[in-house]
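Since this is a predicted model, take the numbers as computed values, not measurements. Note that ligands are numbered from 1 as they come in the structure, with each ligand's atoms numbered from 1 the same way.
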Amino acid sequence: MIEIGSGPEAIDLGAERLKLGKLVAFPTETVYGLGADALNADAVARVFELKGRPASNPLIVHVPDIDMAQRVVGEWSHDAQRAAEKLWPGPVTLVLPKSSCVPGIVCAQGDTVAVRCPEHPCALALIEAFGSPIVGPSANPSGRISPTTPEHVVDGFTTRPHNTDLEIDPEIDLLVIDGGHCRSGLESTVVDLTGERAKVLRVGVVGAETISQALGHDVDCITQSDSKSSPESDIARSPGHVGAHYQPTKPTRLVQSGQLKQAKKQTVLISWSIDTHPDAGGLIQLPRDIEGFGAGLYRSMHEADKLIGDSIWIEIPNHEDISAEHRPIYETVMERLGRATHA
Ligand code: AMP
Ligand code: MG
């Protein structure tokens with residue numbers, strides 16, 4: 001059964017469930033996470049099972065403060081301290097040497113752990129009420145579109161898209177804590193602090209420049225072309241960051257604004273520039289500004305997947321007049337769109 005709850009009662013119920021090794025989906029400022037006790041290998045195994053996530057793709061451990069982060073990290077470096085002080089709470093995940101208390105399954109049997117302090121009050125309240133760190137990968141079947149509302153979470157685990165072989169678990173036992181629509185709507189920036197130089201493994205709305213300012217030195221950044229076909233070393237360092245991801249079930253492609261007028265009725269459009277479909281088909285509108293576009297992108301893909309039609313075209317976001325401050329959002333949106341589209 002899936003239950004949606006909200007307010008302090010849902011937080012208390014969520015903490016009780018986590019103590020029993022059960023799963024709780026919770027809102028963060030990025031996307032909804034699928035929470036479980038990070039120090040309980042059986043509970044973590046349920047997360048992998050429900051998501052259908054390969055064991056080789058490690059999970060992010062969520063903490064409410066630096067103190068709890070230090071419990072899951074083996075060696076808390078100066079860089080970790082600087083990054084955490086300046087960038088937490090927020091959508092930045094730090095990869096650090098793992099402490100022995102973290103079960104191997106969390107870290108794909110590697111010797112590093114990814115840790116993040118989210119900003120959303122429900123996420124913080126849940127971890128604090130539980131009193132121990134929780135894992136929180138996106139609360140959706142692996143490879144599909146990340147959820148940005150409680151309804152997306154429920155839909156993801158209860159509806160079997162017609163053209164996939166995704167198994168639905170009839171015994172599902174999940175509480176979803178309702179915290180409304182996620183503010184940023186895009187997954188966190190992942191920064192590896194274990195190498196000689198800090199390296200951004202996954203781009204996010206907090207850009208490399210901000211991270212570099214926080215650390216007081218340069219950071220390397222996985223490039224966009226790298227991230228679709230990563231070199232071996234980067235696959236090893238960021239195992240989950242390879243191949244197709246964030247995909248609607250309908251074949252999806254990116255188009256230029258000028259191509260929209262060629263759309264046939266059966267093509268669902270996601271657009272920031274038009275307000276009617278040229279052939280009376282389905283249309284989902286997104287804001288013109290990149291912040292609004294990024295925040296609404298996953299919701300628009302969920303909605304487009306449900307409309308009548310046999311394919312989806314997404315209009316490349318407006319990239320005129322993007323300020324330096326908003327550039328990382330644009331880059332993140334383009335990286336996620338690259339993975340959302342079918343080869
Ligand atoms: P998700 O929570 O599903 O959005 O994905 C978590 C991301 O963090 C994936 O890209 C993982 O590969 C990455 N990640 C988690 N743990 C580690 C780790 N120990 N080392 C490198 N990347 C990690
Ligand atoms: Mg995910």
> Heavy atoms, side chains only, cut-off 4.5 Å: are R336 and T332 in contact?
yes
> Counting only heavy atoms, which portion of V95 has something under 4.0 Å from ligand 1: side chain, backbone, both, or neither?
side chain
> Closer than 3.5 angstrom, by distance alone: can the side chain of T28 be matched with the main-chain N or O of T30 as a donor-acceptor pair?
yes
> Does a side-chain heavy-atom distance below 4.5 Å link V63 with R71?
no
> What atoms in ligand 1 come closer than 4.0 Å to a heavy atom of R202?
1 (P), 4 (O), 5 (O), 6 (C), 7 (C)
> Flag this pair as yes if the NZ/CZ of R253 is under 6.0 angstrom from the six-membered ring centre of W313 and inside a 45 degree cone about the axis; otherwise no.
yes
> Measuring from the heavy atoms of L59, does anything fall under 4.0 Å of ligand 1?
yes
> Looking at ligand 1, does any of its N/O atoms fall within less than 3.5 Å of an N/O of E187?
no
> Under 4.0 Å from a heavy atom of N57: give me the atoms of ligand 1 that qualify, with their elements.
9 (C), 11 (C), 12 (O)
> Short question: side chain of Q285, backbone of I274 - any donor-acceptor pair under 3.5 Å?
yes
> Classify the ring geometry of Y330 against H319: parallel below 30°, tilted from 30° to 60°, perpendicular beyond 60°.
tilted
> Heavy-atom contacts under 4.0 Å between P58 and ligand 1: side chain, backbone, both, or neither?
both
> Which of the atoms of ligand 1 are close to P137, meaning less than 4.0 Å from one of its heavy atoms?
2 (O)
> Is the closest heavy-atom distance from K98 to ligand 1 below 4.0 Å?
no
> Looking at non-hydrogen atoms alone, which of I60, V106, L186, V31 comes nearest to atom 8 (O) of ligand 1?
I60
> Does the side chain of F157 come within less than 4.5 Å of L34's, by heavy atoms?
yes
> Taking backbone and side chain together, does S142 place any N/O/S atom at a distance below 2.8 Å from the Mg ion (ligand 2)?
no
